[in-house]
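No experiment lies behind these values; they were computed from the predicted model shown. Every heavy atom of this structure was used, including side-chain atoms; hydrogens, water molecules and symmetry mates were not.
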Amino acid sequence: MAKEKKPAKEKPAKKTEATEPAKRTGLGYADKTWDDRLADLEKRRQHALGMGGKAKLDKRHNQGHLNARERIDKLVDPGTFLESGLFGSSAIYPEDAEKTPTDGKITGYGKIHGRDIAFVVNDFTVKGASTSATNSKKLGWVKTTAQQKGIPMLFVGESTGARLPDAMGSRGMGTLLGNDKTQFMRDRTVPWAAAALGYSFGSSAWLTCCSDFAVMRKGSCLAVSSPKLVSKAIGREVDLEELGGWKLHTDTTGLIDHAVDTDEEAMETLRTYLSYMPSNNRETPPRADVPEGSGDQMSDIHTLIPERRTQVYNVKKVLERILDKDSIFEMKPRFGKPAVTALARLDGHVVGVIANNPIQKAGSMDVEAIDKMIAFQVMCDSFNIPIIKFVDTPGFFIGLEAERQGAPGHIMNFMNSTCLMSVPSLTVIMRKSYGRAYVAMGGGKHSDDIVCWPTAEISFMDPIAATKIVHNKEPEDEDFGEAFEDIAQESDVWGLAAVYSTQNVIAPSETRDYLIRMLELQRLRLSNGIGKHLMQYWPTTI
């Protein structure tokens, strides 16, 4: 029996303009033309670029502060900004998507002085730049890119902290916190720098504290939590300055390196700092031209050092003559004042400078000065910056308060960081170098080269104190002078030179040329100036 043939299926008619609906519904993605899609892209882009809206942006301008995108314009070289995450928005509450353009954090890449950098600039006009699930992913992405590609990472902070109510409850905590264990890990593969502008609470504070360099605008507040929350917690009113103002962090905590008056100054300071730094720890810092007039005032530099051994002076004036003209970029100038720490240039090469400053506590090193020097040594060694130490100190600051602050532990941390340094380290002993401070400041085998001025004094302690102990004499005693001479004559530089614990004794006027030549020699290492980075995981101290 023959099979019955099934009727052939009719092929659907080919769509033509005649068969298309006269009017598009716009409801289906497939219904959109290229013009529709491009128009939609531009609409979304303009919405994202509008940040928190005109009213909030106008309010900032009336306060004299830049908005987030204006900060970026001041931060990076013109025409180099490449944004990542422009269309990010709130993920926890979809109804907030339209109100959270870029989700309050602008992330991306740019160039500073022609070199690539990555950054996060918080946009306070969008939910106070509070931390959320989406903007945390954006921050993590560019930070990871910076680490992998070997480019500096910048954080321009202004934030109210974690976003509420997103972070509340176990679901909020599980979603927002603890999902990136490297977020606050400081491995010093690339330089980090930060600016604390306006309210800097939560992650803005954390990332500022983790950074190698931090600048703060006066009038801002850097703290764990807001004054309102703290006031409720402790039962009394606190204001911004008391809680986390610029004076607190530049003078007392040491968390801030520089304080400035405006946002523009903050961005320029970040640019200046990065001009001294390599892009990553596998490079040496960039060399600059030597400014005209550098070294011109070396011939009478000795006149800056008082002939009386107990008379104080400002070591910064000495450094200005030795180093390249106008190249000194001091770190934490208001904190730990008995010590000066600064990035500078010598013959165009970047160097790190650590100097005792006799005008402050006679140059004796207190706990704050010690911590400041530790942090600076860690940074320089991590980023292949040779260190020069200029020594004039009676030792570590002692007393009941120093012991309460745990001075022995801080001193041993300083010693440990000195021993772990693998970049070239030179020491210039100008005057006093006593006790354990002699070693911590590069004495013995703790420098690649030690050079002394004829005024150098080296001993276990100050000769006056030693005379009191050894001879039981006081300065007012008639025969104190004779007893003092017996002790002091053994402290001059020639005993150190005789046992070859200093490699040379030079006139102060010869110091610049000597250091330039010695650093040239030290750079002839097989590592080509790259250190071993034994302190790259050293915990952030200040």
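- Note that the CD1 atom of Ile256 and the NZ atom of Lys332 stand 7.5 Å from one another [nearest 0.5 Å].
- Counting only distance, with no hydrogens or angles, the side chain of Thr418 and the backbone of Phe414 share a donor-acceptor pair below 3.5 Å.
- Ring centers of Tyr276 and Phe329: under 6.0 Å apart, within the cut-off.
- Contact between Ala437 and Met365 at its shortest, heavy atoms only, is CB-CE, 3.4 Å.
- Remark: the Gln377 side chain and the Lys389 side chain contain an N/O donor-acceptor pair separated by less than 3.5 Å.
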Begin from the C-alpha positions of Gln147 and Asp187 and carry the test side-chain hydrogen bond (donor to acceptor under 3.5 Å, both in side chains) through to its verdict. CA-CA 10 Å; Gln147 298 281 110; Asp187 68 358; 3.1 Å; yes
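- Salt bridge annotation for Glu320-Lys317: absent, with no cationic side-chain nitrogen under 4.0 angstrom from a carboxylate oxygen.
- Looking at Thr80, its side chain does come within 3.5 Å of a backbone N or O of Lys111 through a donor-acceptor pair.
- A distance of 9.0 Å separates CE of Met153 from OG1 of Thr145, quoted to the nearest 0.5 Å.
- Of the possible donor and acceptor atoms, one in the side chain of Thr455 sits under 3.5 Å from a partner among the backbone N and O of Met430.
- Inter-residue side-chain proximity for Trp538 and Ile374 is flagged as met; some heavy-atom pair is nearer than 4.5 Å.
- Rounding to the nearest 0.5 Å places OG of Ser509 at 8.5 Å from CD1 of Ile301.
- Between the side chain of Thr502 and the main chain of Ile450, a donor-acceptor pair closer than 3.5 Å is present.
- A salt bridge links Asp212 with Arg186: the distance from a Lys NZ or Arg NE/NH1/NH2 to an Asp or Glu carboxylate oxygen falls below 4.0 Å.
- Not one N or O on the side chain of Lys325 forms a donor-acceptor pair closer than 3.5 Å with the backbone of Pro291.
- The local environment of CZ in Arg523 is crowded, with over 12 non-hydrogen atoms from other residues, nucleotides or ligands closer than 6.0 Å.
- In summary, the side chains of Gln360 and Asn314 do not present any donor paired with an acceptor at a separation below 3.5 Å, with no hydrogens or angles considered.
- Remark: the backbone N or O of Gly531 is not paired with any side-chain donor or acceptor of Ser422 at under 3.5 angstrom.
- In plain terms, the two heavy atoms of Ala146 and Val190 that are nearest each other are O-CG1, 3.6 Å.
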I'd like to know whether Asp324 forms a salt bridge (Lys or Arg N to Asp or Glu O under 4.0 Å) with Arg512, so could you lay out the CA-CA distance, the side-chain angles of the two residues, the decisive distance to 0.1 Å, and finally the verdict. CA-CA 9 Å; Asp324 288 359; Arg512 176 179 166 87; 3.0 Å; yes
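- In this structure, Lys532 places its NZ atom where only 12 or fewer heavy-atom neighbours from other residues, nucleotides or ligands lie under 6.0 Å away.
- When the shell of 6.0 Å around CZ of Arg436 is examined, it contains 12 or fewer heavy atoms from other residues, nucleotides or ligands.
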Decide yes or no on side chain to side chain contact (heavy atoms under 4.5 Å, CB included) for Met331 and Thr341, but give the supporting numbers first. CA-CA 6 Å; Met331 307 276 281; Thr341 55; 3.8 Å; yes
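- A salt bridge is absent between Asp326 and Arg345: the closest approach of a Lys/Arg side-chain nitrogen to an acidic carboxylate oxygen does not fall below 4.0 angstrom.
- When the shell of 6.0 Å around CD of Gln311 is examined, it contains more than 12 heavy atoms from other residues, nucleotides or ligands.
- Atom OG1 of Thr269 is separated from atom CD of Glu264 by 11.0 Å, given to the nearest 0.5 angstrom.
- The distance from atom NE2 of His249 to atom CG of Asp257, rounded to the nearest 0.5 Å, is 12.5 Å.
- Here the options are Phe213, Trp192, Phe119, the test is ring-ring contact (aromatic ring centres under 6.0 Å, His included), and the partner is Phe155; only Trp192 passes.
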Apply side chain to side chain contact (heavy atoms under 4.5 Å, CB included) to Glu474 and Lys468, showing your working. CA-CA 6 Å; Glu474 295 296 328; Lys468 293 179 181 179; 3.6 Å; yes
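- Looking only at distances, a side-chain donor or acceptor of Thr250 sits under 3.5 Å from a matching main-chain atom of Trp246.
- Inspection of the Thr511 and Trp453 side chains reveals an N or O donor paired with an N or O acceptor under 3.5 Å.
- With respect to the salt-bridge test (charged N to carboxylate O, under 4.0 angstrom), the residues Asp449 and Arg517 do not qualify.
- Contact annotation: the side chain of Leu515 approaches that of Ile322 to within less than 4.5 Å [non-hydrogen atoms, C-beta and beyond].
- Around CG of Asp289, the count of heavy atoms belonging to other residues, nucleotides or ligands within 6.0 Å does not exceed 12.
- What you find for Ala205 and Ser200 is that their closest heavy atoms are CB-O, 3.8 Å.
- Taking a cutoff of 4.0 Å between a charged side-chain nitrogen and a carboxylate oxygen, Arg271 and Asp77 qualify as a salt bridge.
- Counting only heavy atoms from C-beta outward, the side chains of Leu139 and Leu207 approach each other to under 4.5 Å.
- Distance CD/Gln503 to CG/Leu496: 9.0 Å, rounded to 0.5 Å.
- Looking at heavy atoms from C-beta onward, Leu222 lies in side-chain contact with Thr208 at the 4.5 angstrom threshold.
- Look at Asp263 and Arg217 and you find a salt bridge, because one of the NZ, NE, NH1 or NH2 atoms lies within 4.0 Å of a carboxylate O, short of that distance.
- In this structure, Asp448 and Met421 have side chains that are not in contact, with every pair of non-hydrogen atoms separated by 4.5 Å or more.
- The minimum heavy-atom distance linking Val76 with Ile112 is given by the pair CA-CG1, 4.3 Å.
- Ion pairing between Lys316 and Glu330 holds under the 4.0 Å rule for side-chain N and carboxylate O.
- Lys372 places no side-chain N or O within 3.5 Å of a backbone atom of Gly254 that could act as its donor or acceptor partner.
- Looking only at distances, no side-chain donor or acceptor of Asn122 sits under 3.5 Å from a matching main-chain atom of Phe124.
- In summary, Glu158 and Arg71 engage in a salt bridge, as defined by a charged side-chain N under 4.0 Å from a carboxylate O.
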Derivation and outcome, side chain to side chain contact (heavy atoms under 4.5 Å, CB included), residues His533 and Val423: CA-CA 9 Å; His533 310 134; Val423 294; over 6 Å; no
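- In this structure the side chain of Val142 reaches within 4.5 angstrom of the side chain of Tyr109, judged on heavy atoms.
- Within a 6.0 Å radius of OH in Tyr199, other residues, nucleotides and ligands contribute 12 heavy atoms or fewer.
- Side-chain atoms of Asn384 come within 3.5 Å of backbone N or O of Glu283 as a donor-acceptor pair.
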Which is it for Arg321 and Asp300 under the salt bridge (Lys or Arg N to Asp or Glu O under 4.0 Å) test, yes or no, and what are the steps along the way? CA-CA 10 Å; Arg321 296 198 182 190; Asp300 63 346; 2.7 Å; yes
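- Shown here is Glu292, whose CD atom has no more than 12 heavy atoms of other residues, nucleotides or ligands within 6.0 Å.
- The ring of Phe396 has its center no closer than 6.0 angstrom to the ring center of His410.
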Show the numbers, then the answer: is there a side-chain hydrogen bond (donor to acceptor under 3.5 Å, both in side chains) between Asp392 and Tyr313? CA-CA 10 Å; Asp392 188 350; Tyr313 63 95; 2.7 Å; yes
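- Around atom CG of Leu521, more than 12 heavy atoms belonging to other residues, nucleotides or ligands sit under 6.0 Å away.
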